[in-house]
Amino acid sequence: MKRFKYLKPIKSKDLFYNEKNSRGMRFKQKSTNVLVYIVLTIISLIWVLPFVYLILQSFAKSYSPQVLIPKEWTLDNYRALFDTNFKMMFNNKEMVFAEVYPFGRWLLNTVLIALVVSVLQTVLTLMSAYAFSRLNFGFRKKYMKLILIIGMFPGFLGMIITFYILKQVNLSTGVPGLFGLVLVYISGSVMNYYVSKGFFDTISKSLDEAAMIDGANKNTIFWRVIMPLSKPIIVYTILLAFTAPWGDYMFASVIAAGDSSLFNVAVGLQQLLTKESGVSGFPIFCAAGVIVSIPIMTLFFFLQGYYVEGVTGGAVKG
Amino acid sequence: MAGLRLEHIYKVYPNGTKAVSDFTMDIKDKEFIVFVGPSGCGKSTTLRMIAGLEEISAGELYIDNHIVNDVEPKDRDIAMVFQNYALYPHMTVYENIAFGLKLRHLPNEEIHKKVLWAAQVLDLTEYLDRKPRAMSGGQRQRVSLGRAIIRNPKVMLLDEPLSNLDAKLRAQMRSEIAKLHEDLQTTFIYVTHDQVEAMTLGTRVVVMKLGKIMQVDTPKNLYDYPDNLFVAGFIGTPQMNFFKAYLKRDGENDVIEFLNSTSTLKVKHSYLSRIKPKYFDSDNEVTFGFRCEHISLDKEVVESSDHLIDVKISHFEELGNETLIYAELLSDDRLSKPTKVIIKGTSSYGLKRGDVVKAALNLDKAHVFDSVTEQTINPRIPTTNLAYGKVVNNILQLHDLNIELPNAIKLEDNDYSVIIPVNAINLNNNSGVKVKLEKVEQVDDLRIASIKLGDNLIFAFASNDVDLEKECYIELDYTKLEFYIGSKLVHQAISDYDKVNAMFLNHVTAKEYVGDSYDKVVDERVLAVEEKYQGLFKEIDEQYAKDLENVKSVDSKAITLKNKPLISEKENETTKLINELKLKLKEDLKALEEAHKINSICITQEVKDAYDKVYNDEMESFNSFKQINKDRDAYNKRVQELKQFKANHKLERENELNKRLNAEAINFETEANALKGNFKREKENALNELKKFKNDCYNEAYPVKKLEKEYKNTVLALRKEYGEALMHAKIIFFFKTGNLVTLCNDEISNKMVQSLGIKVFSKQYLVEIPHDAYQIAEDGFKVQVLEVLDYGKVKFAKCLYKDHHYETNIYIQVEDENIGSEICVKYDISRIHITEKAMDIKIY
């Protein structure tokens with residue numbers, strides 16, 4: 001019903017108001033609108049242009065930075081990323097690109113890590129946020145503040161000690177290193193409690209109490225009463241938890257330590273740009289960039305359907 | 001279905017505020033109790049403590065004679081209805097109601113049956129598959145009630161359930177709740193701030209103020225006999241009229257001098273006979289209370305009445321069947337605010353604003369309160385009497401009664417005023433001083449006799465044998481008498497209890513005083529527990545061995561083989577059934593969706609047609625107007641109107657369309673939910689059946705394993721119980737008074753720990769000991785005997801007890817007069833009362 005909020009009952013006063021005045025007001029409103037739209041268009045162009053450029057260049061046969069639309073179109077760039085039988089000229093050498101730069105493997109690494117992390121982190125974040133919102137334990141407020149303050153430091157400040165710890169438990173190199181990576185990503189998940197806690201605070205506590213009297217324990221309340229009402233915040237948390245490891249470079253590169261089978265996409269793509277490839281690898285880089293952004297986009301489009309407003313409608317007085 | 005007992009319940013917040021203090025009440029089975037009071041009086045807190053949502057700071061809560069202080073809400077077998085309904089928004093009404101039973105793992109058919117029953121009781125049958133958001137407030141509250149009644153709880157708690165509804169719905173729901181209470185025959189506790197709800201619903205009403213109980217009584221008694229000024233003012237609309245006044249004696253009559261008024265009333269003494277004499281010395285201000293229906297302006301009543309006051313009419317409120325007349329007491333004093341009066345009448349009696357008239361007071365219905373303490377001073381059940389008398393040669397002369405005083409009371413010959421508590425008078429048919437009874441009346445389950453002493457009346461409780469016709473005698477309990485000369489206390493009564501300080505100790509601390517002497521007690525207790533549980537364990541073992549012998553011969557393999565085809569057949573059947581159900585659901589949903597689509601299109605078309613017609617009509621009328629009209633201004637106005645119409649028409653159309661589509665969508669969703677819900681239930685039923693069948697087969701094949709499991713569980717439970725009992729047996733507590741360290745019994749120590757938790761050892765306690773609970777013993781605490789008081793039937797030794805910090809007199813009931821100057825006494829711990837000193841929490 002929101003969109004009818006400007007529907008007002010007609011009064012006789014409205015019917016005979018001064019026409020001149022109304023015209024002036026209408027003009028003023030229109031001109032404001034035009035101005036707003038112009039500004040918005042400019043901003044959106046600035047935002048969209050790099051992405052359009054990326055997509056277009058990914059289809060280019062050869063890299064030419066001056067032109068937006070490539071002269072010759074090809075799908076070879078995409079083929080080179082995955083096809084291990086596809087030989088091409090790269091960096092003035094004929095080679096199988098996918099063998100030197102195993103993009104498929106990087107993508108697999110990243111997807112696996114991001115999926116595991118997003119699931120675990122979502123559960124941990126929401127649970128801790130719920131605890132902060134509902135349970136009354138000693139030092140709750142102080143603890144919350146402490147987490148906020150710690151969260152303000154950049155993560156890589158603790159990288160050396162974290163790496164050292166991982167090394168002690170043999171999770172710093174090789175395939176176990178990837179598990180270590182997962183561990184590092186999810187260990188800080190409680191840091192993101194704040195938004196979810198704010199959301200849980202808006203859910204009426206009498207729901208919890210009603211469930212308690214109905215015979216539910218804390219666990220049941222969380223999973224069967226609170227979670228079904230928290231779809232928006234679950235989606236938000238999943239997206240946040242998925243994107244962080246997806247684009248992480250710092251720690252991933254430390255763990256990989258140059259072993260290209262352990263790269264994630266961020267590290268791999270960076271490798272692609274620097275290694276004496278110059279600008280000739282640019283179209284392939286663009287193609288990889290497009291592929292990397294597809295999962296995030298699909299995830300978002302898939303999940304945004306759950307951003308339904310008013311899922312809590314009817315719970316309490318309304 | 002059960003009674004509740006709240007004993008000295010306190011709620012103290014960490015910052016020290018007491019939300020509820022000393023809440024003691026007995027709630028009988030099937031009662032409808034209403035807590036009422038202004039906001040912030042602790043009524044909701046009390047309810048939440050009963051529910052277990054709020055911790056009880058001190059005191060005990062019993063449901064069905066089981067203490068439930070530390071029991072989780074779900075295990076208390078209560079149900080609660082919240083002010084804001086608290087429905088689960090993602091579940092349908094059916095699921096909302098069934099949630100509690102599902103969590104308790106009841107079989108699906110039973111849940112289904114119960115949900116249908118609850119829906120029928122509450123008239124919700126057609127809404128079962130709706131979501132709460134598609135329902136109105138009253139319906140939501142009914143769902144919430146349904147969720148509560150379905151479990152058939154021992155106690156129903158309702159926390160302001162109607163305050164979110166509008167007035168009409170509220171009245172309707174109120175009668176529904178009353179009916180529900182009739183039907184369910186269970187205990188209801190209802191919190192409200194609305195006195196109409198309280199008076200109409202409750203069998204008994206608890207009026208609260210600032211965390212304290214003001215009065216607990218039936219609605220009628222609350223209205224007719226309020227205990228204090230607060231209850232008098234809170235109950236009843238319009239509010240009771242209060243007049244401040246002084247009382248005086250004037251021969252046979254009493255005089256009421258109203259403050260701030262020109263009127264004085266002369267009334268017969270019998271009207272104010274229950275008021276204590278001290279209020280007649282014109283030092284103590286009293287407050288008279290009259291309900292508006294007990295003041296009358298009716299001509300006939302005024303003419304026949306002797307009790308008239310002058311009032312000045314200020315305005316009227318016509319309510320149809322009656323009229324409220326607002327007036328002020330006529331007063332000479334222009335400085336202070338005039339006292340307001342509200343009078344109920346059948347009409348305005350032809351009066352106008354500013355008229356000065358006489359109003360008749362119905363003194364039979366007057367309530368009188370002490371202006372300072374705000375307590376009533378003409379209670380239904382009097383507590384003390386005051387009599388004026390003379391003492392000559394140690395004989396008390398009360399008007400025409402001569403009572404010989406015992407040796408313990410030695411008074412000089414003089415005039416005295418004597419305070420005689422009502423319970424100190426023993427009214428009987430055979431012994432004592434002969435008296436004449438004025439009348440005997442029945443109040444609740446007590447009989448109260450009034451005895452005439454000159455002008456004065458004194459009251460006594462009368463047993464059933466006492467009657468007006470028979471000869472009556474009184475005996476006084478001299479220990480409770482107090483004598484005054486003027487306002488100076490000459491002889492003090494002995495209070496019921498002696499108060500001494502005490503500490504609560506655990507065994508380790510107590511060892512400092514008693515050494516190892518109580519180790520033996522602990523050993524004995526432990527031994528008793530061990531013996532009891534050894535026996536139980538043995539019993540279980542024997543039973544297990546016997547059962548095992550019976551099933552040993554079962555051939556597991558053969559039975560398994562035999563059952564295997566049966567199981568697989570059942571499995572296939574279930575899968576088939578579920579697949580069929582799934583297919584059916586899919587088809588039904590598809591059909592429903594199609595119907596919904598068609599409906600939506602129809603609705604769109606309908607709306608379009610209807611609005612197009614309106615639009616065309618308007619255009620036509622405009623065109624015809626255009627053709628016949630010549631006036632330019634009128635035309636301009638018409639054009640403007642048309643413009644507005646066009647703009648609004650579009651919006652209205654969209655609005656209407658949206659509304660109808662929404663309604664259609666809700667219908668569709670409801671039906672789809674019904675289908676899905678049915679499918680889910682049937683599927684679960686099938687799966688459960690399969691599971692049960694499999695389980696049965698397994699149990700048939702391996703009875704030994706089943707027995708083993710059961711045995712293990714029983715033993716585990718018993719072992720846990722045993723451990724707890726053993727732990728309790730090992731712990732003993734002590735009370736230390738002076739140098740006496742007394743072993744505490746389990747009941748007291750449980751209450752102490754229950755009430756105060758870990759802080760129990762760091763607090764100081766006041767112990768109240770009845771006089772006959774003492775026992776002279778060598779290992780007791782030392783007291784110095786001051787004198788022996790002879791009260792005729794009983795003798796008390798007045799003793800001085802010295803502690804480190806203070807000294808107090810204690811009275812010990814003794815048989816013999818010669819007991820020496822210093823004795824040691826012990827007391828019977830089961831008869832004492834215990835109070836925590838710092839926060840004044842009554843514990844035992």
Side-chain angles (χ1 to χ4, degrees), chain A residues 1-20 22-23 26 134 136 138 202-232 234 306 308-318, chain B residues 48 51-54 72-91 96 98-105 130-135 137 140-141 144 147-148 150-151 153 157 159 163-165 636-637 640-641 643-645 647-648 651-652 654-655 658-659 662:
Chain A
M1 290 300 145
K2 240 183 190 168
R3 73 179 96 143
F4 297 110
K5 65 185 173 194
Y6 46 81
L7 183 67
K8 287 177 194 146
I10 312 158
K11 289 177 193 158
S12 59
K13 198 177 78 194
D14 298 340
L15 291 176
F16 305 114
Y17 59 86
N18 195 336
E19 210 171 301
K20 221 178 187 179
S22 87
R23 242 180 227 168
R26 229 178 281 163
R134 294 300 150 95
N136 217 343
T202 64
I203 299 181
S204 168
K205 272 186 191 161
S206 49
L207 270 185
D208 291 50
E209 288 168 350
M212 245 158 97
I213 288 174
D214 266 347
N217 52 23
K218 285 264 162 7
N219 198 33
T220 324
I221 295 174
F222 180 72
W223 288 109
R224 288 176 68 172
V225 177
I226 301 299
M227 279 297 102
L229 299 180
S230 314
K231 275 175 196 157
I234 296 175
Y306 289 100
V308 190
E309 217 185 327
V311 269
T312 52
V316 293
K317 185 209 168 194
Chain B
R48 289 166 59 82
L53 299 173
E54 200 100 33
E72 290 271 311
K74 58 176 174 169
D75 301 324
R76 293 190 185 191
D77 201 2
I78 45 150
M80 186 156 168
V81 175
F82 292 83
Q83 179 180 359
N84 53 14
Y85 323 134
L87 300 177
Y88 313 120
H90 58 288
M91 299 182 192
N96 259 297
F99 188 66
L101 297 182
K102 267 216 174 119
L103 290 179
R104 283 175 166 74
H105 302 293
R130 284 218 182 157
K131 294 246 170 103
R133 87 181 108 92
M135 303 182 85
R140 285 186 205 170
Q141 195 54 281
S144 168
R147 198 171 58 182
I150 193 165
R151 279 191 285 119
L157 307 173
D159 189 359
S163 44
N164 277 346
L165 304 179
N636 277 348
K637 269 182 197 168
Q640 198 60 49
E641 253 175 69
K643 255 188 192 167
Q644 280 294 330
F645 167 77
N648 282 327
L651 293 178
E652 264 170 35
E654 227 171 291
N655 204 354
N658 234 23
K659 213 165 84 191
N662 265 348

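Source: prediction; values computed, not measured. As a basis for the values below, the full set of heavy atoms in this structure was taken, side chains included, without hydrogen atoms, waters or symmetry mates. The sequence lines fix the lettering, A, B, ..., with proteins before strands; numbering per chain opens at 1.
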Which pair of heavy atoms, one from [X] and one from [Y], lies closest together, and at what distance?
X: A/Ala210; Y: B/Arg147; answer: CB-NH2, 3.4 Å
X: A/Ala211; Y: B/Phe99; answer: CB-CE2, 4.4 Å
X: A/Ser206; Y: B/Asn84; answer: OG-OD1, 3.0 Å
X: A/Arg224; Y: B/Met91; answer: O-CE, 3.9 Å
X: A/Pro228; Y: B/His90; answer: CB-CD2, 3.3 Å

Q.
Could you measure the distance from the CG atom of A/Leu207 to the OH atom of B/Tyr85? Nearest 0.5 Å is fine.
A. 13.5 Å
Q | Evaluation steps, side-chain contact (heavy atoms from CB on, under 4.5 Å), between A/Ile213 and B/Arg151 | A | CA-CA 11 Å; A/Ile213 288 174; B/Arg151 279 191 285 119; 3.5 Å; yes
Q: Please lay out, stage by stage, how B/Glu72 and A/Asn217 fare under the test side-chain contact (heavy atoms from CB on, under 4.5 Å).
A: CA-CA 10 Å; B/Glu72 290 271 311; A/Asn217 52 23; over 6 Å; no
Q | Any residue meeting side chain to side chain donor-acceptor pair (under 3.5 Å) with A/Asn136, in chain and number order, not counting sequence neighbours | A | none
Q.
Tell me which of these, A/Val225, A/Asp214, A/Thr220, has more heavy-atom pairs under 4.5 Å with chain B than the rest.
A.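 Among A/Val225, A/Asp214, A/Thr220, the one with the most close pairs to chain B is A/Asp214.
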Q.
If we define contacts as heavy-atom pairs under 4.5 Å, which of A/Glu209, A/Met212, A/Lys205 has the most with chain B?
A. A/Glu209
Q. For B/Arg48, is it the side chain, the backbone, both, or neither that has a heavy atom closer than 4.5 Å to a heavy atom of chain A?
A.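 Side chain only.
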